[in-house]
Amino acid sequence: MISLHAVVLYGLLLLSLAWWLSLRSARTRRSLDAIPAIGSTNPVLSWIEAFRFLTRSDVYVQEGYNKYKGGLFRVPRFDGWRVYVTTPELIDEIRKAPDDVLSFAEATNNELQITYTLGKNVHENGYHIPIVRSQLTKNLAVLFPEVRDEILAAFNDVIPKQAETDWVEVPAMASIMKIICRTSNRIFVGLPKCRDPDYIELNTRFTLDVVLGSAVINLFPTFLKPLAGRLLTNLNKSIQRGINHLKPIIEERRKQRHEYGIDYEGKPNDMLSWLMDEADATESTIENLTRRILTVNFAAIHTSSTSFTEALYNLALHTEYVAPLREEVDNIVAEYGWTKVAMQKMRKLDSFMKESQRLEGLGNSTMSRLALQDFVFSDGTFIPKGTVLQVAAGPLHHDDAVYPRANDFDGFRFANIREEEGEGTRHQMVATTTEYVSFGHGRSACPGRFFAANELKAMMAHVVSTYDIKFADGVQPANTYFATACVPDNKAKVLFRKRSS
Ligand code: HEM
Ligand SMILES: *[C@@H]1O[C@H](CO)[C@@H](O)[C@H](O)[C@H]1NC(C)=O
Ligand SMILES: *[C@@H]1O[C@H](CO)[C@@H](O)[C@H](O)[C@H]1NC(C)=O
Ligand SMILES: CC(=O)N[C@H]1CO[C@H](CO)[C@@H](O)[C@@H]1O
């Protein structure tokens, strides 16, 4: 079986190379000649470099930024050249372009092969996006007690009891992922499903299924993609597993609706209910609702876990922040309780989380946009239809000209700016600008960022008010990269102990 797979894989890889070579001679290649390339422009060598990019995107993007800052550069990917912009001005031009010229949805479909991974329906109908942006955000205050309750229960389960009296080592990434998955799903599907270990395991690995699956599918020309999706990924199994978890819940809710009307008494106020309220007939099937819940988890879990894990590493590395953060949390909670309003008042905490995301965040590349038509930047750079644009977010966020002493972790950097400018909200974590693109920018900016910031701050407020934390050796864990994604060290351990003062 395995050797048959290997033969199929090698055969398909050769086809993929042939496809790449034929692409190289196409119109896009000539049209992009004016944009400087990182790595070789030789067709065969650049195909090999596309493999290197999979694990070294940080090096490629930083090199491009250092050499061509002020303009654009391109890097080789399997499906063609990816063009990066380097300045806030160019980012703003991307933001202003209409969706039918530069499309986030189509770029994401290209990168994640959504049709063959999350599902055709998810690509064709993005009805969950306005639900995340409005219903979820509007309900943050009323749902805060549930978020808080799940955070308490999850930390209690994940941090060993010995922490009451002594330092204990906790594997950070895996623990955080569990806590985030539980807390988010408390709001997505509710109790008791959000605590089901198999459901949690499914949702944390589904993201990897999609990312790895799409990377494999992307090696192949369009006509082979469905075959590659079926033979070389385990998405079908994962979706079936999701269906097994959600089918009884969806059926029970349908029954209640049928008997007592759409606003039946005791109707859960969660993502699944909002989706069922808005779904049209094709979206209301158990499979399509399941794909949608898995999609929301895909967008939420690894992103939030990455961001929180990096913030936790920064706290363990810079323990001098524990005291002032703890003081802020204690004071504000004394006045406003554990509420969404309290989270909004915690400016030092907000700044700390934002600074961490500025320096690390999701990766060196954000804001993918596929050109659906030819596009010309104001500096005259021509972008042919079919090209994918990206923002060199990592290098921009690390540029001293954009952020003074950009490479230093300055936890209260944004709180201090807000102090100077009074009540300004322009520097809070959820505010996107042409200089802060961790959540993207413009119409497609992350619709889940209000939920994410609220959840991550509630978690960090719980950590500083409950525990002392540190690293055993004080060494910052190293990030790795997969394609454009930044992956925090998932083996690093953080020491926890019940707060002593
Ligand atoms: C710290 C956590 C998160 C980060 C860093 C993050 C980052 C991003 C980024 C960079 C984008 C693309 C924006 C662009 O290119 O302009 C995006 C899109 C999106 N995010 Fe998030 N995200 C996070 C959490 C969440 C959560 C918790 C949810 C759901 C509850 C979510 C749902 C989405 C969705 C649905 C989109 C696609 C929007 C569209 O297609 O227009 N995200 N996110
Ligand atoms: C799900 O959505 C797709 C695409 O919109 C549709 O073709 C299909 O019939 C729907 N239902 C099921 C059960 O997959
Ligand atoms: C998984 O594959 C089987 C066999 O090809 C198919 O019958 C089933 O509908 C698939 N399930 C999903 C969720 O795509
Ligand atoms: C997420 C992020 O910004 N990662 C890195 C991008 O590249 C620079 C330079 O190589 C790194 O220092 C960042 O940590």
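Every number for a ligand or one of its atoms is a count from 1 in the order of the listing.
- Annotation: atom 13 (C) of ligand 1 to nearest protein heavy atom, Ser444 O, 3.3 Å.
- Ring geometry for Tyr84 versus Phe73: interplanar angle under 30°, hence parallel rather than tilted (30 to 60°).
- Proximity to Thr282 (heavy-atom distance under 4.0 Å) selects the following atoms of ligand 2: 1 (C), 10 (C), 11 (N).
- Atom CZ of Arg230 is surrounded by 12 or fewer heavy atoms from other residues, nucleotides or ligands within 6.0 Å.
- Distance from atom 30 (C) of ligand 1 to its nearest protein heavy atom, with residue and atom name: Leu136 CD2, 3.7 Å.
- Side-chain contact check for Tyr65 and Asp399: at least one donor-acceptor pair (N or O, by modelled atom type) lies under 3.5 Å.
- The closest protein non-hydrogen atom to atom 7 (O) of ligand 2 is Lys120 NZ, 4.2 Å.
- Near Gln240, with a cut-off below 4.0 Å to any heavy atom, the atoms of ligand 3 are 11 (N), 13 (C).
- The protein reaches atom 11 (N) of ligand 2 closely, with a heavy atom under 4.0 angstrom from it.
- Separation of atoms CD1 (Ile383) and CG (Leu72) is listed at 5.5 Å; rounding is to 0.5 Å.
- Distances from ligand 1 to the non-hydrogen atoms of Gly442 include no value under 4.0 Å.
- When heavy-atom distances to ligand 2 are checked against a 4.0 Å cut-off, Thr285 comes that close only through its side chain, counted from C-beta outward.
- Taking every non-hydrogen atom of Met367 and a distance limit under 4.0 Å, the qualifying atoms of ligand 1 come out as 15 (O), 16 (O).
- Donor-acceptor pairing under 3.5 Å is recorded for the side chains of Ser307 and Gln357.
- Of the possible donor and acceptor atoms, none in the side chain of Gln476 sits under 3.5 Å from a partner among the backbone N and O of Tyr313.
- From Asn454, atom CG reaches atom OG1 of Thr183 across 11.0 Å, with rounding to the nearest 0.5 Å.
- Under 3.5 Å, the side chains of Glu283 and Asn121 contain a donor-acceptor pair of N or O atoms.
- Ser378 and Glu93 are linked by a side-chain donor-acceptor pair at a separation below 3.5 angstrom, with hydrogens and angles left out of the test.
- Rounding to the nearest 0.5 Å gives a distance of 9.0 Å between CG of Leu275 and CD of Gln135.
- Screening Tyr481, Phe482, Trp81, Tyr60 for a ring pair (Phe, Tyr, Trp, His ring centres under 6.0 Å) involving Phe53 leaves a single residue, Tyr60.
- Those atoms of ligand 1 that come under 4.0 Å of a heavy atom in Leu362, given as number and element, are 5 (C), 7 (C).
- Thr433 and Arg426 share no side-chain donor-acceptor pair at under 3.5 Å.
- Here the CG atom belonging to Asp209 is positioned 3.5 Å from the OG atom belonging to Ser238, to the nearest 0.5 angstrom.
- Every N/O-N/O distance between Glu283 and ligand 2 stays at or above 3.5 Å.
- Every atom of ligand 1 is numbered from 1 in the order shown, and the set under 4.0 Å from a heavy atom of His441 is 16 (O).
- Contact check on Arg291 versus Glu287 returns a salt bridge, with a Lys/Arg side-chain nitrogen under 4.0 Å from an Asp/Glu carboxylate oxygen.
- A perpendicular orientation is assigned to the rings of Tyr321 and Phe412, their planes being inclined by more than 60° (bins at 30° and 60°).
- Using a 4.0 Å cut-off to heavy atoms of Ser438, the atoms of ligand 1 that qualify are 5 (C), 7 (C), 10 (C).
- For atom 4 (C) of ligand 3, no protein heavy-atom neighbour is present inside the 4.0 Å cut-off.
- For atom 37 (C) of ligand 1, the closest non-hydrogen atom on the protein side is Phe104 CE2, 3.7 Å.
- The closest approach between a heavy atom of Ala105 and any atom of ligand 1 is not below 4.0 Å.
- Interface atoms of ligand 1 facing Phe451, defined by a heavy-atom separation under 4.0 Å, are 27 (C).
- Contact annotation: for Ser184 versus ligand 1, there are no heavy atoms closer than 4.0 Å.
- The aromatic rings of Phe352 and Phe409 stand perpendicular to each other, their planes meeting at an angle above 60°, with 30° marking the opposite boundary.
- Contacts with ligand 3 closer than 4.0 Å are made by side-chain heavy atoms of Arg291 only, the backbone lying farther away.
- Remark: ligand 1 atoms within the under-4.0 Å shell around heavy atoms of Gln357 are 1 (C), 5 (C).
- Counting protein heavy atoms only, atom 2 (O) of ligand 3 is closest to Asn236 ND2, 2.3 Å.
- The protein heavy atom nearest to atom 1 (C) of ligand 2 is Asn288 ND2, 1.5 Å.
- Atom CZ of Arg205 sits in a sparse spot, with 12 or fewer heavy atoms from other residues, nucleotides or ligands closer than 6.0 Å.
- Contacts of Thr108 with ligand 1, taken as heavy-atom pairs under 4.0 Å, are absent altogether.
- In this structure a side-chain-to-backbone donor-acceptor pair under 3.5 Å is missing from Thr432 to Phe439.
- Heavy-atom proximity to atom 15 (O) of ligand 1, evaluated over Arg443, Arg369, Glu455, is greatest for Arg369.
- Neighbours of atom 21 (Fe) of ligand 1 restricted to protein N, O or S atoms under 2.8 Å: the count is 1.
- When only non-hydrogen protein atoms are considered, atom 13 (C) of ligand 3 lies nearest to Ile239 CG2, 3.5 Å.
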